[in-house]
Amino acid sequence: VGVGDQLLQFVLSGLMVGGIYALIALGFTIVFNATEAINFAQGAFVMLGGMVAVALYAAELPLIVACLGAVAIVTGVGLLFERLTLAPLRHVSVMNLIIITIGAFLFLEGAAMVVWGKDAFSLPPFSGEEPIRVLGASFLPQTLWILGTTAVVVILVRLFFDHTMLGRAMRAVAANRFAATLMGVNVKRMVACSFALAAGVGAVAGVIIAPIAFAQWDRGTMLGLKGFTAAIVGGLGSGPGAVVGGLLLGVLEALGAGFLSSGYKDAIALLLLIVMLLVRPEGLCGRRSAGRS
Amino acid sequence: VRGDPGRLPHRAALAVFLLVVALGPLVFPTRYYLTVMIFAGIHVLLALGLNLVMGYAGQISLGHAGFYGLGAYTSGVLTAKFGVDPWLAILAALGLSAAFALAIGVPVLHLRGYYLGMATLGFGIILHILFVELLPLTGGPSGLVGIPELTAFGLRFNTDLSYYVLVWASVGVVLLGAVHFVDSRIGRALRAIQGDETAAMLVGINTWAAKVLVFVIAAVVAAFAGSLYAHYLTFLSPDAFGFMVSVKLVVMVIVGGTQSVWGSVVGAMLLTILPEYLRVLEDYDHLVYGAIVILVVMFAPSGLAGGVERWFQRRRRAAAAPVAPAEA
């Protein structure tokens with residue numbers, strides 16, 4: 001196997017994982033735009049997506065129903081979380097908001113462990129396990145599902161923000177909260193919607209990765225961190241940035257793990273996060289002034 | 001130490017603190033009590049530093065266990081693998097921790113928002129990965145053994161009682177430092193940042209430098225706590241410095257109250273001692289800690305200390321006297 005073939009192989013598997021990171025990053029972006037807070041619970045929504053899909057499938061529901069059902073249920077969990085914890089608070093500082101999402105992350109992880117135990121579960125691949133061969137590299141059919149689903153979700157989210165009243169109201173809140181209030185936008189409702197939407201997008205990521213990586217109660221920390229890194233690399237708050245950041249992170253990580261050492265795979269991503277924060281905190285697609293005081 | 005009006009009187013708190021620490025071993029003369037209290041003291045050190053970052057610099061650090069581990073492993077590796085004098089190794093640990101805190105804090109604290117939380121989280125997890133992967137130095141997942149005990153002026157800190165004294169004397173020093181710091185010019189400046197950062201800058205406070213200073217101090221204190229941990233157990237395993245440890249430290253500070261030095265003391269002790277009695281809940285720790293965090297922020301955002309301070313204020317107003325009697 002030549003270095004060229006290896007390279008292609010790593011890029012392909014990197015793009016696949018990168019699609020997952022892009023979706024998770026999109027979830028961070030949605031909540032950040034509505035609240036300026038980093039939603040630490042995002043990783044738990046991803047984990048729950050996979051776990052609920054596995055549970056529904058084990059209850060003998062058809063695979064497609066289990067997957068869609070998991071996304072719907074986790075969207076509900078996101079909404080419920082916002083309604084129960086954030087909505088009753090009248091004035092909550094961004095710092096307290098972040099701390100509450102850390103609490104929610106721990107709580108959801110703990111709850112998943114109590115319900116499903118510490119075992120790892122997996123879903124069957126959506127269309128077989130026969131690898132597809134291209135130019136000396138091979139990839140699983142699930143790769144196509146992941147990239148396809150990512151593309152569809154990104155486009156749907158884009159259409160939602162551009163062409164629906166609700167989406168445009170959410171963008172108004174992101175642009176200027178006070179002005180949005182004056183224009184009659186119910187800011188609190190938009191915050192609730194952003195958490196529901198972020199949970200739903202996160203759950204999609206959790207569901208489509210379940211056939212190739214195990215679903216387990218503690219998988220949310222690393223996935224959440226990678227998604228956040230992708231969001232920072234692309235520019236926190238930027239939709240296209242989330243996609244660019246996700247794919248880039250996925251490929252860099254795969255190359256690093258392939259050519260350097262797999263033990264340091266996670267460290268590569270986190271190092272990228274820190275370097276990005278130090279060198280270009282506004283990200284690749286962010287505005288230059290963003291974030292600096 | 002003079003506390004300003006409306007806050008918990010420091011003198012009363014200090015008296016209670018000294019009494020509890022001195023009488024503890026007499027009332028409960030068991031090894032078990034001493035061991036638990038030594039860990040509680042180490043956690044108090046960590047929480048005191050983190051409290052300054054969260055309550056006074058207004059930033060979250062989610063990688064505090066990273067600095068803790070950096071201190072522990074620097075002490076452990078230098079003494080066990082290279083035979084360096086323990087006190088020199090501790091100095092190296094403090095210096096290394098300060099250097100990392102500067103490297104992260106200087107650029108990241110220039111940013112508006114809560115990027116420090118994520119940068120430190122990344123830093124903490126990278127260090128944890130290094131503790132596991134750098135086998136020849138750290139011993140990897142199976143741990144680092146052979147760390148010597150501390151000695152000073154012919155004294156060997158090799159019994160639980162002597163170590164108890166060492167740890168809690170350190171806590172006393174750091175505590176006094178923290179109380180003075182909070183009431184110093186910089187401490188008051190930082191409280192101003194909490195109120196309104198723009199206003200604080202407009203009256204000439206260098207908010208960035210103040211935040212960096214606090215972050216570095218917290219990192220140095222955490223590294224010292226790590227060194228104490230290393231020389232007490234004489235054995236290190238990466239598990240003691242994982243992400244969940246960072247989270248538990250944040251919970252200690254929140255439960256105690258982010259704006260209160262004494263709150264962190266109580267929060268850290270409470271959350272070290274209570275789990276000892278609630279072993280049944282061990283498997284539910286994520287669930288329990290998550291619920292505690294959400295409930296405290298929702299219903300008692302100023303923590304235990306906030307509640308106690310309000311009680312003092314009410315009593316003071318009822319007595320209509322400017323100075324409260326120094327008793328608790």
| said: At a 4.5 Å cut-off on heavy atoms, which part of B:Val247 comes close to chain A: side chain, backbone, both, or neither? | reply: side chain
| Structural part of A:Ile274 lying under 4.5 Å from a heavy atom of chain B | side chain
| Looking at B:Val108, B:Thr258, B:Ile60, which has the largest count of heavy-atom pairs under 4.5 Å with chain A? | B:Ile60
| With only heavy atoms counted, which part of A:Ile232 is less than 4.5 Å from chain B, the side chain, the backbone, both or neither? | side chain
| request: Give, as side chain, backbone, both or neither, the part of B:Met54 having an atom under 4.5 angstrom from any heavy atom of chain A. | output: both
| said: Please classify the contact between A:Met222 and chain B as side chain, backbone, both or neither, with a heavy-atom cut-off of under 4.5 Å. | reply: side chain
| query | Between B:Phe243 and chain A, which part of the residue has a heavy atom less than 4.5 Å away: side chain, backbone, both or neither? | reply | side chain
| At what distance, to the nearest 0.5 angstrom, does CD1 of A:Ile99 lie from CD1 of B:Ile294? | 12.0 Å
| query | Can you find a heavy atom in the side chain of A:Leu225 that is under 4.5 Å from one in the side chain of B:Met118? | reply | yes
| query | For A:Phe214, does the CZ atom sit with more than 12 other heavy atoms under 6.0 Å from it, leaving out its own atoms? | reply | no
| Are there more than 12 heavy atoms of other residues, nucleotides or ligands under 6.0 Å from atom CZ of A:Phe107? | no
| task | Would you mind checking which part of B:Leu116 comes under 4.5 Å of any heavy atom in chain A, side chain (CB onward), backbone (N, CA, C, O), both or neither? | result | neither
| task | Please determine, among A:Lys118, A:Glu36, A:Met95, A:Glu109, the option with the most heavy-atom pairs under 4.5 Å with chain B. | result | A:Met95
| request: Would you indicate whether the side-chain heavy atoms of B:Leu287 and A:Met113 approach each other to under 4.5 Å? | output: no
| query | So do B:Leu62 and A:Ile102 actually touch side chain to side chain, heavy atoms under 4.5 Å? | reply | yes
| task | Go through the atoms of A:Thr221 and report whether side chain, backbone, both or neither lie under 4.5 Å from a heavy atom of chain B. | result | side chain
| Measuring heavy-atom distances to chain A, does B:Leu295 have an atom under 4.5 Å in its side chain, in its backbone, in both, or in neither? | neither
| Residue part contacting chain B, namely of A:Leu236, when any heavy atom lies under 4.5 Å | side chain
| Would a 4.5 Å heavy-atom cut-off, applied to side chains only, mark A:Asp218 and B:His286 as touching? | no
| note | If one checks every heavy atom of A:Leu89 against chain B at 4.5 Å, the contacting part turns out to be side chain
| said: To check you understand the geometry: which heavy-atom pair defines the closest contact between B:Pro107 and A:Leu278, and what is its length? | reply: CG-CD2, 3.3 Å
| query | For A:Leu277, is it the side chain, the backbone, both, or neither that has a heavy atom closer than 4.5 Å to a heavy atom of chain B? | reply | both
| Side-chain contact, heavy-atom cut-off 4.5 Å: A:Phe40 with B:Leu121? | yes
